[in-house]
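Worksheet: the structure to be examined is printed underneath.
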Amino acid sequence: MIGHLNLILRLAIWFLLTSDVSPANIMIGITVALLLPGRQKVPESLKDWLRVLGEVIVAIPQAYLEAFQIILRPHNHEDVITERVKPQRTPGLIFLDIFLITFTPKTIVLKYQEQGWYAVHRIQRREKV
């Protein structure tokens, strides 16, 4: 079942990149998704995938809220923090975590470190002293 979720993720990325859902592009997308090299088999939990997909749905209104906050009250402080990758994450789930962090306007992932850390740039509102 989880293999199907990886295939769907690859197809979704393909359709976002091409912006074309014609029958020919669907066939090309399926072919590309199937031909992409696999990865080592790591047990994934359907519960983890559903939780991350729920977080993606919640991130959409959060992104709009943050965009309005930045427009109405400019954020004048920025810093780079490191965040720990959640334990036992597969590459697909790590990709979705990075997508979630980068999707919101106040944060962006600068670097993923193989040791299990994200370098995250964020902006914040602080009163000038």
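These figures come from a predicted structure and were not determined experimentally. We're numbering straight along the sequence, starting at 1.
For K86, the salt bridge (Lys or Arg N to Asp or Glu O under 4.0 Å) partners at least two apart in sequence or on another chain are E55. The side chain to side chain donor-acceptor pair (under 3.5 Å) check on E78 picks up H121, with sequence neighbours excluded. In terms of the side chain to side chain donor-acceptor pair (under 3.5 Å) criterion, residue partners of R122 (sequence neighbours excluded) are, by chain and number, D79.
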Please list, one pair per line, the donor and acceptor atoms closer than 3.5 Å that link side chains of residues 13-34 to other protein atoms, with sequence neighbours excluded.
residue, atom, partner, partner atom, Å
W14, NE1, N25, O, 3.4
W14, NE1, N25, OD1, 3.2
T18, OG1, W14, O, 3.0
T18, OG1, N25, ND2, 2.9
D20, OD1, S22, N, 3.1
D20, OD1, S22, OG, 3.3
D20, OD2, S22, OG, 3.2
S22, OG, N25, N, 3.3
N25, ND2, D20, O, 2.4
T31, OG1, M27, O, 2.8

In a table with atom names and distances, give each donor-acceptor pair under 3.5 Å that connects a side chain of residues 99-114 to protein atoms at least two apart or in another chain.
residue, atom, partner, partner atom, Å
T102, OG1, I98, O, 3.0
T102, OG1, V109, N, 3.4
T104, OG1, I101, O, 3.2
T104, OG1, T107, OG1, 2.9
K106, NZ, Q69, OE1, 2.6
K106, NZ, H75, NE2, 3.1
T107, OG1, I101, O, 2.5

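Residue pairs meeting the salt bridge (charged side-chain N to carboxylate O under 4.0 Å, His left out) criterion with at least one member in residues 59-77, sequence neighbours excluded, are R73-E127. Legend: salt bridge (charged side-chain N to carboxylate O under 4.0 Å, His left out) pairs involving residues 24-33, not counting sequence neighbours: none detected.
Hydrophobic cluster membership is shared by L50 and L9, with clusters built from Ile, Leu, Val, Met, Phe, Trp and Tyr side chains linked at under 4.5 angstrom. Residues L53 and I94 do not share a hydrophobic cluster, clusters being chains of Ile/Leu/Val/Met/Phe/Trp/Tyr side chains in contact below 4.5 Å.
Under a 4.5 Å side-chain heavy-atom cut-off, the cluster of Ile, Leu, Val, Met, Phe, Trp and Tyr residues that includes I70 is completed by I123.
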Set out, in order, the CA-CA distance, both residues' side-chain angles and the distance that settles side-chain contact (heavy atoms from CB on, under 4.5 Å) for Y118 and T82, then state yes or no. CA-CA 5 Å; Y118 303 121; T82 55; over 6 Å; no
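No side-chain heavy atom of V80 sits under 4.5 Å from any side-chain heavy atom of V120.
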